[in-house]
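Working notes, beginning with the structure itself.
Quantities reported herein were computed from a predicted structural model and do not represent experimental measurements.
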Amino acid sequence: VDIPEDYRKALTPKTLAFLHFGSQVAMTKLSADYLFKTDDDVFINATEMSRELMVNHLPDYYGLLRNDTAPIRNMTNHGITSKWYISVDEYPDDIFPPYAHGTGYAISKKFAKCASRAMALMLPMPWEDVATGILAKACHVPLTPSDEEWSHFVPFDSPQSEW
């Protein structure tokens with residue numbers, strides 16, 4: 001995506017482009033069943049991820065659940081907004097829909113195709129994980145929560161990162 005790197009303004013457009021490309025190209029031409037979004041400082045244990053998807057009956061949206069999360073509306077002590085501040089204009093509701101933590105999540109072909117269409121109607125949202133949860137709500141796709149141990153995503157600084 002040809003946009004300047006910016007934490008607040010680039011993450012969601014990149015993720016939405018990934019979903020669109022994935023649903024139009026990877027899942028169609030390459031016959032992929034899932035898209036996996038993960039951060040660049042995380043390893044994926046693909047074997048464990050595949051096992052977890054099978055054990056959970058091949059969900060359409062799978063990841064570490066964030067539920068009943070409220071947008072951060074307050075300013076910091078010095079009048080500077082929090083890194084995660086979001087105005088009522090950017091997101092008018094008091095609670096975000098359920099979403100998978102941005103560390104990583106799996107998206108099925110069904111969800112990716114619907115999300116690719118639904119994103120055109122979506123208000124801009126700076127947080128890509130929340131944006132994906134909003135798309136899941138629009139597509140009537142529930143989030144299947146992963147095991148709290150998060151066995152398929154391993155941060156680089158984890159003792160398990162030798163995998």
Expected list for residues 132-142: side-chain donor-acceptor pairs under 3.5 angstrom, two or more places apart:
unit_1: T132; atom_1: OG1; unit_2: Y105; atom_2: OH; d: 2.9
unit_1: T132; atom_1: OG1; unit_2: E128; atom_2: O; d: 2.9

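Residue A112 comes nearest to I107 through the heavy atom pair N-CG2, 3.7 Å, listed as atom of the first residue, atom of the second, then distance. Taking all atoms of both residues into account, the shortest heavy-atom contact from P71 to D94 is CD-O, 3.0 Å. Contact between L65 and P145 at its shortest, heavy atoms only, is CB-CB, 3.8 Å. Taking each heavy atom of D129 and G102 in turn, the nearest pair found is OD2-N, 3.1 Å.
In the displayed structure, D6 atom CG is contacted under 6.0 Å by more than 12 heavy atoms of other residues, nucleotides or ligands.
Hydrophobic clustering places F18 together with F111 (ILVMFWY residues linked when any side-chain heavy atoms are closer than 4.5 Å, directly or through intermediates). Note on L123 and W84: separate hydrophobic clusters, where clusters join Ile, Leu, Val, Met, Phe, Trp and Tyr whose side-chain heavy atoms are under 4.5 Å apart, directly or indirectly. Note on L64: it does not cluster hydrophobically with I95, by side-chain heavy-atom contacts below 4.5 Å among ILVMFWY residues. The hydrophobic clustering, which links ILVMFWY residues whose side-chain heavy atoms are closer than 4.5 Å, places L121 and W127 apart.
With S23 contributing its side chain and H20 its backbone, the two residues share a donor-acceptor pair below 3.5 Å. Side chain of Y61 to main chain of A100: a donor-acceptor pair is present (N/O by atom type, distance under 3.5 Å, no hydrogens or angles). Checking side-chain atoms of R73 against main-chain N and O of Y85 turns up no donor-acceptor pair under 3.5 Å.
When the side chain to side chain contact (heavy atoms under 4.5 Å, CB included) test is applied to A131, the partners found at least two apart in sequence or on another chain are T12, M122, M125. Under the rule for a side chain to side chain contact (heavy atoms under 4.5 Å, CB included), the partners of Y34 that lie at least two apart in sequence or sit in another chain are F36, L53, L58, P59, A106, S108. Shown here are the side chain to side chain donor-acceptor pair (under 3.5 Å) partners of E90, two or more places apart in sequence or in another chain: R8, S87.
Taking OG1 of T144 as the reference point, atom CG of D60 lies at 7.5 Å (rounded to 0.5 Å).
For the pair S116/L19, no side-chain contact is recorded, criterion being any heavy-atom separation below 4.5 Å from C-beta on. Using a 4.5 Å heavy-atom threshold, the side chains of K110 and M27 count as separate.
Screening residues 9-72 for disulfide bond (SG atoms under 2.5 Å apart) gives no qualifying pairs among residues at least two apart or on separate chains.
Using a cutoff of 4.0 Å between basic side-chain nitrogens and carboxylate oxygens, K37 and D39 are scored as salt-bridged.
V1 belongs to a hydrophobic cluster with I3, counting contacts under 4.5 Å between side-chain heavy atoms of Ile, Leu, Val, Met, Phe, Trp and Tyr, direct or through other members.
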Between Y99 and T69, is the side chain to side chain contact (heavy atoms under 4.5 Å, CB included) condition met? List the steps. CA-CA 9 Å; Y99 65 94; T69 303; 3.7 Å; yes

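Ring-plane geometry between F96 and Y91 is classed as tilted, the angle between the planes lying from 30 to 60 degrees on a 0 to 90 degree scale.
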